[in-house]
Amino acid sequence: MISTDKAKLQLGVIHQYLSEESYWAKNIPIEIVEKSISNSIAFGVYDKNEQVGFCRVISDLSTFAYLADVFVLENSRGNGLSKWLMEVVLEHPDLQGLRRWVLATEDAHGLYAQYGFVPLEKPQNFMNIRLANPYA
């Protein structure tokens, strides 16, 4: 099952993965994970009552969305869950007609390309502020 019901989310599972296993949020405090979820559309992936995947979308619900914190736990990979999750996210009724979707990935370009994501056309037009290792 995939659900956007935040009451179903298992914060411990999400925090453990992000803080210990992800390359992008090592050592993230649980309070920041909680706040990020409360300010996003959060998608939980479940096998029976056990959370096995997650992602969230940060959006103004009219023009822009940023896909973040996407994961499927290692023991649940290889079953098409990440593809199913992407389909559900992109079909979400509140996220239709957006002018731009963005994401950052180090190793899943092939997955996202299947759903229309391409490298930035003009990366020189984009800027960011990035704190190196903010949770150390």
Side-chain angles (χ1 to χ4, degrees):
M1 171 180 67
I2 296 178
S3 173
T4 56
D5 181 353
K6 291 179 183 175
K8 292 183 184 309
L9 293 172
Q10 297 169 8
L11 185 61
V13 171
I14 298 166
H15 178 251
Q16 188 279 328
Y17 184 87
L18 293 176
S19 67
E20 297 177 24
E21 297 181 44
S22 78
Y23 61 82
W24 63 90
K26 286 276 190 223
N27 302 313
I28 189 169
I30 196 165
E31 297 82 13
I32 293 179
V33 174
E34 258 182 315
K35 188 174 182 180
S36 72
I37 290 169
S38 71
N39 291 300
S40 304
I41 300 174
F43 295 79
V45 183
Y46 305 91
D47 181 4
K48 298 181 179 87
N49 292 324
E50 186 177 329
Q51 185 162 1
V52 297
F54 175 78
C55 77
R56 62 191 184 90
V57 176
I58 306 149
S59 180
D60 63 7
L61 306 181
S62 52
T63 64
F64 179 83
Y66 181 82
L67 180 63
D69 294 337
V70 181
F71 71 84
V72 172
L73 296 179
E74 189 170 348
N75 60 354
S76 295
R77 293 179 191 162
N79 299 311
L81 294 178
S82 60
K83 292 178 183 177
W84 183 34
L85 179 57
M86 286 304 305
E87 291 167 9
V88 170
V89 167
L90 293 172
E91 292 171 1
H92 190 283
D94 291 340
L95 300 171
Q96 300 307 300
L98 303 178
R99 181 170 65 225
R100 183 180 305 268
W101 282 80
V102 295
L103 61 83
T105 185
E106 201 170 276
D107 57 3
H109 297 79
L111 168 67
Y112 299 117
Q114 295 175 58
Y115 298 93
F117 286 88
V118 297
L120 295 173
E121 293 170 12
K122 296 182 180 181
Q124 68 275 14
N125 290 1
F126 287 77
M127 299 177 71
N128 72 60
I129 296 173
R130 183 174 181 274
L131 301 177
N133 203 8
Y135 313 119

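Using a 4.5 Å heavy-atom cutoff, the side chains of L18 and Y135 are not in contact. Two residues are said to be in side-chain contact when any heavy atoms from C-beta on lie closer than 4.5 Å; Y115 and K83 meet this criterion. Between Q114 and M86 there is no side-chain heavy-atom pair separated by less than 4.5 Å. Put simply, the side chain of T63 does not reach to within 4.5 Å of the side chain of R100, judged on heavy atoms. Counting only heavy atoms from C-beta outward, the side chains of L67 and C55 approach each other to under 4.5 Å. Counting only heavy atoms from C-beta outward, the side chains of D69 and W24 approach each other to under 4.5 Å. In this structure, the side chains of I2 and L85 come closer than 4.5 Å at one or more pairs of heavy atoms. The shortest side-chain heavy-atom distance between I37 and L11 falls under the 4.5 Å cut-off.
Minimum heavy-atom separation, L9 to G44: CD2-CA, 3.9 Å. In plain terms, the two heavy atoms of R77 and V72 that are nearest each other are NE-O, 2.7 Å. What you find for L103 and Y66 is that their closest heavy atoms are CA-CE1, 3.9 Å. Nearest heavy-atom pair, N27 versus A136, reported as atom, atom and distance to 0.1 Å: ND2-CA, 4.5 Å. Nearest heavy-atom pair across S59 and L61 is OG-N, 2.8 Å. Listed here is the closest heavy atom pair of S3 and D5: OG-N, 2.9 Å.
Within the 3.5 Å criterion, the main-chain N or O of G53 finds a donor-acceptor partner in the side chain of Q51. In terms of modelled atom types and a separation under 3.5 Å, the side chain of Y46 and the main chain of K8 share a donor-acceptor contact. At distances below 3.5 Å, not a single donor-acceptor pair connects side-chain atoms of N79 with backbone N or O atoms of L81.
With rounding to the nearest 0.5 Å, the separation of CD1 in I30 from CD1 in I14 is 9.5 Å. The distance from atom CD of E21 to atom NZ of K26, rounded to the nearest 0.5 Å, is 7.5 Å. Rounding to the nearest 0.5 Å places OG of S40 at 11.5 Å from NZ of K35.
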Derivation of the side chain to side chain contact (heavy atoms under 4.5 Å, CB included) call for V13 and F54: CA-CA 9 Å; V13 171; F54 175 78; over 6 Å; no
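The environment of N49 atom CG is sparse: at most 12 non-hydrogen atoms of other residues, nucleotides or ligands sit within 6.0 angstrom. Heavy-atom neighbours of Q124 CD from other residues, nucleotides or ligands within 6.0 Å: above the threshold of 12.
Hydrophobic clustering, with ILVMFWY side chains joined whenever heavy atoms are under 4.5 angstrom apart, groups Y23 together with I28. Note on L98 and I41: same hydrophobic cluster, where clusters join Ile, Leu, Val, Met, Phe, Trp and Tyr whose side-chain heavy atoms are under 4.5 Å apart, directly or indirectly.
Residue pairs meeting the ring-ring contact (aromatic ring centres under 6.0 Å, His included) criterion with at least one partner in residues 3-22, sequence neighbours excluded, are Y17-F71.
The ring pair (Phe, Tyr, Trp, His ring centres under 6.0 Å) search around H92 returns F43, not counting sequence neighbours.
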